[in-house]
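Chain naming here is simple, since letters A, B, ... match the order of the sequence lines and numbering starts at 1 in each.
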Amino acid sequence: MTTTSDSAAPFRAAPASPKFPALEEQMLEFWQQNDIYKQSLERRADAPPFVFFEGPPTANGMPHPGHCLTRAIKDVFPRYKTMRGYRCERKAGWDTHGLPVEVEVGKELGIHSKEEIEAYGIEPFIQKCQQSVWRYMQQWQRLTERLGFWVDLEQAYVTYHQSYVESVWWSLKNLFDRGLLYQGHKIVWWWAQGGTALSSGEVGQGYREVADPSVYVKFPLVDDPTRSLLVWTTTPWTLPSNMYAAVHPELEYSLVKHSETGEEFFLASALVKTIADKAKCEFDVLETCRGTDLIGLRYTPPFDGYLKSTGDPTGTLRTPVGDQKTEHHYWRVVAADFVTTDSGSGIVHQAAAFGEVDYEVYDEQRRRFVDGEQPELLCAVGPDGKFNEAVPEAFLGVWVKDADKALSRDLKERGLMFLQEQYLHDYPFCWRADQDPLIQYPRRSWFIRTTKFRDLMLKNNSQIGWQPEHIRDGRFGNFLESNVDWALSRERYWGTPLPIWVCEETGRMEAVGNYDELLAKPGIQGTEVWLEAKAANPELVDDLRVHKPYIDAVTYDSPFADGKRMRRVSEVIDCWYDSGAMPFAQWGWPHTGDQQFQSQFPADFISEAIDQTRGWFYSQLAIATMLFGEGASVAEPGCDVEAMKVKDLDYPLPFRNCIVLGLMLSQWWEHEDDQKKKTILLEESETKQHSGKKFSKQVGKMSKSLRNYRSPEEIFDRYGADALRWYLFANQAPWNSIIYAEQSIKDSIPEFLLRLWNTFSFFTIYAEIDGFDPRDAVAADEQLTPQSLASAPKYRPASERSEIDRWILSELNQATAKVIDRMDALDNYNACQAISSLLDGLSNWYVRRSRDRFWASDKDSQEKHDAYWTLYETLLELVKLAAPFTPFLADTLWQRLTEPFGDKTLCSVHLCDFPEVDTDRIDTDLSDSMRLLREIASLGRAARASEKLKVRLPLSEVTVILTDDSQIAWLQNHDALVREELNVKAVHYTTEGDQYVQYTVVPNFKRLGPKVGKQVPAVKKALAEADGNELLGQLQSDGVVKLELGDGVIELDGDDIEVRLQAKEGWAAAQGLGSVVVLHTEVTPELQREGIANDLIRAIQNQRKAIDCQYTDRIRVAIDTAGDEVSTAIEEHRETIASETLADSLEIGTIDGVEAAASEHGGVFVAKGNAS
RNA sequence: GGGCGUGUAGCUCAGUUGGUUAGAGCGCGUCGCUGAUAACGACGAGGUCCCAGAUUCGAAUUCUGGCACGCCCA
């Protein structure tokens, strides 16, 4: 070959067993030192943007394998889009606020309750919180980098940063000024003894079964005190706070008469008998009605505390103008859909203060009244869980759960108790003080009126490209449909402070949009608290000045009352609001970053796991809908919306596409011994090392305490990040829940990484031997595109190269088209399938069938150059295709493949453009023909196997019978492949196979169905019964087949039917769908001897390897045989044997001092060195 | 209890608008190849497509009702 280079070989043979984790570590260092990620962005500085939002991980706790999936998916599409010519900025982000962080710090300090935190000091506590998230952020950064997730960690947005907090403040001020931020009640699970609400997670931990009372109480009607509602409740202590009695409007109710006492009750018809039985009495049904008929009936509440103190107030209803109606505030029958007849009486006591559902009923009632005349929430219990003045004196100050019995006795004495029972149910207790039952209790809370935006949110949702699609109308759509106002505030410490200041005199409020605005307020005081803290501890992060407790100290003159102060409310906000504000808050917008925000909104692509539907997906959608586009005009009456509107922003939605990932489960093998001690193994193969123990396979959630999964770090060290990534991308659609199966991660090495490496390695071995030098392509560009390589003198256009070259180039371009199509549709799974099958074709067919050209001794033959250029180009393009998926290996191979060019080529594949499809190189007919040819080869091997005729033994002929002659000409021109593959002397193709095969004609149902409809079974039957050969003959001569059916004749053309072949008995044959391959099995002595020669070649080659020959070492060979046939075979094929094995001498006999290798034809002696 | 999803080979998973022989990889078995060699190839066995019903000429695929599992909510 040509030698334009100074060095002997521009390519070095690659090591056979690469250590992928070590190669990846090297690559990480290279990327870092050369700032490849930044370079990849700079190359796209003026390109159209592809906008990606990073959903901020909570920097609390260590990252686990599930996070690897999210981060890998978040990486692959931006990488792909960058290579495709887009500018895809990737700003990292961290969610740093919230209860989980407080709990984590609490654990560290050994404290838990709010009292303990306050005793410890809010100031040191939030400092600890800030330090804690910082520590975890570093762990996450390590994982992020090692996984190859390219994202700008240096410029990450952090939710506790001042600029971020101020953006959130701006948005809250905007909502407040539009009247959309209001104070209301929220019913929470309340730990009265500890004075704090518990999160749902904490509540879930503390359920246990207890017996509670279940009582049926009489509520006498105001208009007819002889009649009562029979009302059911399981919490007698809430009766003093009764507000309504609820019925289901559609249920049937009965008015019954007690057969003994004569009292009359309303209750659900379905429960009349049940309750009569329970009370051991008889009811006579007087009349029935529907629930709606009862609505509005007034009754006397069981305890009169509120009746006395309020005087049974009324209010004006919201009705059309001029149509004034009033209604009593309390103690009426109302409608509620949740009432059932599964238990109770069908009439349910409503105490809005102590139940979320009850509260909703109350809220609905409240909204029926005009402003200022609405019912108040009745609540006879203080935050300490004890009764207040609204109850009879005997109960004042009693802990509610202790009062059930006494209250019941009181009701009995007053004749209001109808029936009393006990029932068992699960009830939550405080998880750390397990004697303390929790109660539902109302807390003042801040809400955002998201319900006003329900339709707009649905409209935005409808335009989002969800993957999978069912999220839109399923889980997410349903969630939006049942939207309730967002409970924004949290009575906690570490969070974005709610930026609302209240006048200490009038209670009037205003929102503050940023820190400077606050400082500019008249009479500002309290800022010194922060300054002093900072002076005392200069290490303090400046961002803390907008946090509790420093911000709480800041007060200013009230604009509402002379001489009075404005003080901040004490709450912080839900950290989901923080994350949902990231589209603008990540830039500090609107205070800063206008240009970035304008160009980076909305997102083209986001992805998170399905648990984020109610989390980040919602918070983003809700906030964007309220602030931007059509929603920006929504406000309470009297607000000047135009003044508050964000100018020039008319965005419909916060993100255009979202892949919703499934959850990740773990898989492990478990054994439990007699002492209940568990042994956990992560790989099935390991169970064999514990003989005698029975392991059962488990699939379930990943559990830190069970240690039922391997940490990402260990996976990286064992198999590498590419192995994990390929497993995540190529094994399943990402929205399915995925089982983290270590074996499958391991398998991605031989299935993809090693196969790619071996193909590359094959190339380098021969490129080194032959001195193939790609620098002959003098006009090669920095990306080594196929076009630019064409400048090499021995480079022939693809159209002039051999069939197999054109085939693999066609496969390459088809695969490229498929990958682009799939990746544009956010379908990584099928993109990987396309890459995988391309690699399979390259490795298992192209290389296999092109070996002889690489081995050919004529180093300068055109065929050899064709093979090199084809393989080289294909590898280069394949590596680019793989780059987004397995970035480490792809870059390693790119660097080695481009090494001869030095600085002339790009130093990283990630700076390249994604391959373009060259449609001129796609030849689908060739693909079809090659598929048929591979099928024929495969059938031939199957036939050989069934006759126990090994491939080394040559055969004279195979006959291939086809159903039609359309491919025969092509196959005949290219039968060398089949001859070599099957080791036969000749191949005959024919459609006249009556001798070997039977023809059957089967319907093509897809065409026939629409055509003949119900006659399909009859046609099928007729075809099966007819003589196939005859039908085929008809078809070939007339072009149609006529079938006699019971009710007439049907004509079928060639597309309506398919011809199938069935090999006849007695032939060494194998059948496929459209072809049968028949072997001619007679073995002549000549063929036998050629087979012997092949056997010997193999034995000698084995021996070469055994004595450590280099590829090019010459050898001496002797065969120790007494057989004439073997000797003759050696003589006949001496040339071939010698050239194949690089033997300088080939004798019958032995070689002294050399150990013989046994073979079926005698001892084989191989020695290094030439004959002399 | 409600909503959403999942159920296909021993394992991990595909399966396009319904088309009659349901696929891949791994694992297993048999064989082959041997200048990619701790690699590679072929062939084979292995399936009640969770169950029952409906629609249809035809259902893994559509519908209804179960069962099991998962997630979210109550």
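Separation of the P atoms belonging to B:C31 and B:G23 is 27 Å when rounded to the nearest angstrom.
Between A:Asn844 and A:Tyr766, the residue anchored nearer the 5' end of RNA chain B, judged by the nucleotide with its closest heavy atom, is A:Tyr766. Closest-nucleotide positions on RNA chain B for A:Phe1005 and A:Leu754 were compared, and the one nearer the 5' end corresponds to A:Phe1005.
Taking the six-membered ring for Trp and the full ring otherwise, A:Tyr618 and A:Trp486 have centroids separated by under 6.0 Å. Not less than 6.0 angstrom separates the ring centroid of A:Phe752 from the ring centroid of A:Phe885. The distance between the ring centers of A:Phe772 and A:Tyr872 falls below 6.0 angstrom. Residues A:Tyr868 and A:Tyr766 keep their aromatic ring centres 6.0 Å or farther apart.
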Open item on the list: Return a single string for nucleotides 25-34 of chain B, one symbol per nucleotide in 5' to 3' order, where B is base contact, S is sugar-phosphate-only contact and - is none, cutoff 4.0 angstrom on heavy atoms.
Closed with: SS-----SSB
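As a whole-Å value, the separation of A:Phe762 CZ from B:G41 P is 14 Å. Look at CZ on A:Phe763: it is 21 Å from P on B:C40, rounded to the nearest Å. For A:Asn731 and B:C13, the CG to P distance is 8 Å, given to the nearest whole Å.
Pair assignment for B:U6 gives B:A68, based on Watson-Crick or G-U wobble hydrogen-bonding distances that are each under 3.5 Å. With a cut-off of 3.5 Å on both Watson-Crick or G-U wobble distances, the partner of B:C43 is given as B:G29. The partner of B:G53 is B:C63, judged by Watson-Crick or G-U wobble contacts that both fall below 3.5 Å.
Checking B:G35, B:C73, B:G19 against every side-chain atom of A:Lys1006, the shortest atom distance belongs to B:G19. Nearest to the side chain of A:Val847, among B:A36, B:G70, B:G35, sits B:A36. Here the nucleotide nearest the side chain of A:Val1016, chosen from B:G3, B:U17, B:C57, is B:C57.
In this structure a side-chain-to-backbone donor-acceptor pair under 3.5 Å is present from A:Ser748 to A:Ala723.
The residue A:Tyr829 sits close only to the backbone: its heavy atoms come under 4.0 Å of sugar-phosphate atoms, none of a base. Nucleic acid contact for A:Asn736: sugar-phosphate only, since backbone atoms but no base atoms lie under 4.0 Å from a heavy atom of the residue. In this structure, A:Ser837 reaches neither bases nor backbone, as no heavy-atom distance under 4.0 Å exists between it and the strands shown. A:Ala733 comes within 4.0 angstrom of sugar-phosphate atoms only, judged by non-hydrogen atoms across all strands, and of no base. Counting any heavy atom pair closer than 4.0 Å across all strands shown, A:Thr613 reaches no nucleic acid atom.
You won't find any donor-acceptor pair under 3.5 Å spanning the side chain of A:Ser761 and the base of B:A39, going by distance alone. Below the 3.5 angstrom threshold, one finds a donor paired with an acceptor across the side chain of A:Arg475 and the base of B:C71.
A search for ring-ring contact (aromatic ring centres under 6.0 Å, His included) contacts involving A:Tyr709 returns nothing, not counting sequence neighbours.
For B:U37, the OP1/OP2 oxygens have no side-chain nitrogen or oxygen of A:Asn758 closer than 4.0 Å. Close to B:C43, at under 4.0 Å from its OP1 or OP2, lies a side-chain N or O of A:Ser938.
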